[in-house]
Amino acid sequence: MPGIAPLSTGVIARIMHGEEVNQPVLQILGIKKINSNADSERYRLLMSDGQYYNSYAMLASQLNAMQHDGLLKENTIVRLDKYITSLVGKNDTDKRVLIVTDLTVLNSGAEVGKKIGEPVTYENALKNGAQSKPLASSSAPVQQNKPEKKPMLYNNNNNNTLNSSINAGLTSPIASLSPYQNKWAIKARVTSKSAIRTWSNARGEGKLFSMDLMDESGEIRATAFKEQCDKYYDLIQVDNIYYFSKCQLKSANKQFSQLKNDYEMTFTSDTVVQKCEEMDDGGIPEIKYDLVPISQVANMEDKTALDTIGICKEVGELQTFTSRTTNKEFRKRELTLVDMSNSAVTLTLWGDDAVNFDGHVQPVILVKGARINVFNGGKTLSMGGGSTIKINPDIPEGHKLRGWFDNGGGDNITNMVSARTGGGNFNTEWMTLQEVRLRNLGAGDKPDYFQCKAVIHMVKQENAFYKACPQSECNKKVVDEGNGQYRCERCNSLYPNFKYRLLINMSIGDWTANRWVTCFNEVGEQLLNHSGQEVGNALENEPEAAQAMFSAINFTSHIFKLRCKSEMYGDVTRNKLSVQALTPINYKEYNKYLLKSLKDLTGIGSSN
DNA sequence: CCCCCCCC
């Protein structure tokens, strides 16, 4: 059969003997779903090497999608790129389960069209005296073969017992754990660890912490309550590898966990945890980061979890507030992360992370599992369950960013993914400047936000900047003492210097109306394409340079994201517009709005 | 046995 990959004949005998075989090629003779309950999905495979077949094979759940896509039909020939074997069951009936964690389809079932060879079960072949020894191979076994004497005595809570099992190499892959078998030990890396949390409800009260564990086969969440919480909290550290045994397994509630496992673990009084001190990590993978460029965050769905890395360009004050809904007090701190996509996003830290954070050195921040929140039409990242941050991580991406930023890389951030320091072009209602008046926007307690396409008519150079407190966290206007000293009333300090901050008023117009709007520092810097320092200096000392900067933007068109709020000055109410963000015109998006407006106006092409 | 992840 030309084009059909040859099977690795007889290889199942070697695999089931614990030998590591590189990329065996097998044929799928059947696949069926086990565990029929709705939130648990797992497939069992019947696979043949043409000589033997093996029904104790499982598909790791991260490969379920291949089955969903119809890629694993009967007769399909696959190459096992990664797999793990594990002994399960009581000693006398030990079975070696094969868990496939990565595979490549070589020929589709339709292409092959039939079962190759006349395979028999490996177990029957053994009984009938067929060759049971592994064939000659230079590769070392991953796991020890089944020891002759009964080694797996987990009937007491004794570390020596655990050690002997572990030393014999008898750890199970996480993917093989289920509530139906409890004699196992896993060797896993801690990828995240929660803070200790207390609860109190009708069913009682207590405390707990949870952690996420990972090995080559998969991941699982574990929770330690009460006594176990106190006992293990300090021992468990992110990135370390531990042996765990005698935890209770139960179905995971998918509502609360994004981890790819149908089960989760609870520590019990019998649980044994032991730190793995070996230098060799034994194939336990490093924590993997799927780093998303900050610019991409704008295109991702609300509530998505993601990994990213950026420079903490700005850091906010620690804020404390009481939640209106729960009456709980929260502490948070907002960081502005920037990266080489010339984009910025806000990352919110909570609790101790927020309190202890020192951002003044503009560190590299690596974050795993941060969640997207939509706020004011922008997107922010927030730490939550399972999220971790690392400050100045020793990884190539971190060093690259450091070099980029220290050479001025962060000076031209043009894309503000979060609304506070800018904003995107998503989810914000389009409006004309006339509609803003007609609809009485900004009259409520909360500001209104909208976007419009407008052209800059005139920019005021007078009072376009002010002299602000030089402290990085304080932007209050300083009082010029006239003797080379500047006084900040907020910090109650005298300084020999100040920093320029922009506060630009300009007139913009669309086809319906003109309005005066205010740009604060960051947007002003983006608009004028110069730092506040440069603009302030030019305005004070180099009028021609300043003129050039300001006239360069006259009659340019942009998408303005505006905040609208009516404010009282004495007994006069003024409706104020401030520019939250400024973006180049995305004609695809803008035309969508125009087309919709046309439909609404004419009724042509509309549904009603 | 938790399952909240907040606020502007």
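Everything numeric in this text was worked out from a predicted model, so none of it was measured. Proteins get letters first, then strands, A, B, ... in listed order; numbering begins at 1 in each.
- The side chain of A/R197 has B/dC2 as its nearest neighbour among B/dC1, B/dC8, B/dC2.
- Rounded to whole Å, the distance from NZ on A/K565 to C1' on B/dC8 is 14 Å.
- The side chain of A/F225 lies closest to B/dC2 when the candidates are B/dC4, B/dC2, B/dC8.
- Atom CH2 of A/W199 and atom P of B/dC5 are 18 Å apart (whole Å).
- Among the atoms of the strands shown, base atoms are found under 4.0 Å from some heavy atom of A/G385.
- To the nearest 0.5 Å, atoms NZ (A/K254) and CG (A/D262) are separated by 5.0 Å.
- Here the P atom of nucleotide B/dC2 and the NZ atom of A/K193 are 21 Å apart, to the nearest Å.
- Residue contacts for A/R221: at a heavy-atom cut-off of 4.0 Å it reaches a base atom on one of the strands shown.
- Atom CZ in A/F256 sits roughly 4 Å away from atom C1' in B/dC3 (whole-Å rounding).
- Residues from residues 205-212 of chain A placing a heavy atom under 4.0 Å of any atom in DNA chain B, listed by number, are A/L208.
- Regarding contacts with the backbone of B/dC5, every side-chain N or O of A/W350 stays at 4.0 angstrom or more from both OP1 and OP2.
- A/Q248 has its CD atom 13 Å from the P atom of B/dC2, to the nearest Å.
- Residue A/R331 places none of its side-chain N or O atoms closer than 4.0 Å to OP1 or OP2 of B/dC7.
- Rounded to an integer number of Å, the gap from OH of A/Y233 to C1' of B/dC2 is 15 Å.
- A/E227 comes within 4.0 angstrom of no nucleic acid atom, judged by non-hydrogen atoms across all strands.
- Each salt bridge (charged side-chain N to carboxylate O under 4.0 Å, His left out) pair with one or both residues in residues 195-210 of chain A, not counting sequence neighbours, appears once here: A/K207-A/D230.
- Under the rule for a ring pair (Phe, Tyr, Trp, His ring centres under 6.0 Å), the partners of A/F321 that lie at least two apart in sequence or sit in another chain are A/F330.
- In this structure A/Y242 satisfies the ring pair (Phe, Tyr, Trp, His ring centres under 6.0 Å) test together with A/F244, sequence neighbours excluded.
- Contact check, A/K250 against B/dC1: a side-chain N or O comes under 4.0 Å of OP1 or OP2.
- Taking 4.0 angstrom as the limit, A/N201 places none of its side-chain polar atoms (N or O) nearer than this to OP1 or OP2 of B/dC1.
- Distance from the side chain of A/T266 is smallest for B/dC1 among the nucleotides B/dC4, B/dC1, B/dC7.
- Using a 4.0 Å cut-off between a side-chain N of Lys or Arg and a carboxylate O of Asp or Glu, A/E429 and A/R439 qualify as a salt bridge.
- Checked for salt-bridge contact, A/E301 and A/K303 miss the test: no charged N lies under 4.0 Å from a carboxylate O.
- Judged as a ring pair (Phe, Tyr, Trp, His ring centres under 6.0 Å), and not counting sequence neighbours, A/W516 has no contacts.
- Judged by atom type and distance alone, A/E329 does not reach the base of B/dC7 through any side-chain donor-acceptor pair under 3.5 Å.
- The listed nucleotides are B/dC8, B/dC3, B/dC1; the one nearest the side chain of A/K332 is B/dC8.
- A/N373 comes within contact range of the sugar-phosphate backbone alone, with a heavy-atom separation under 4.0 Å but no base atom that close.
- When the nucleotides B/dC7, B/dC3, B/dC1 are ranked by their closest atom to the side chain of A/T348, B/dC7 comes out on top.
- As a whole-Å value, the separation of A/F375 CZ from B/dC8 C1' is 4 Å.
- Following rounding to the nearest Å, A/E334 (CD) and B/dC7 (P) show an atom-to-atom distance of 13 Å.
- A/Y233 is linked by a ring pair (Phe, Tyr, Trp, His ring centres under 6.0 Å) to A/F209, counting only residues two or more places apart in sequence or in another chain.
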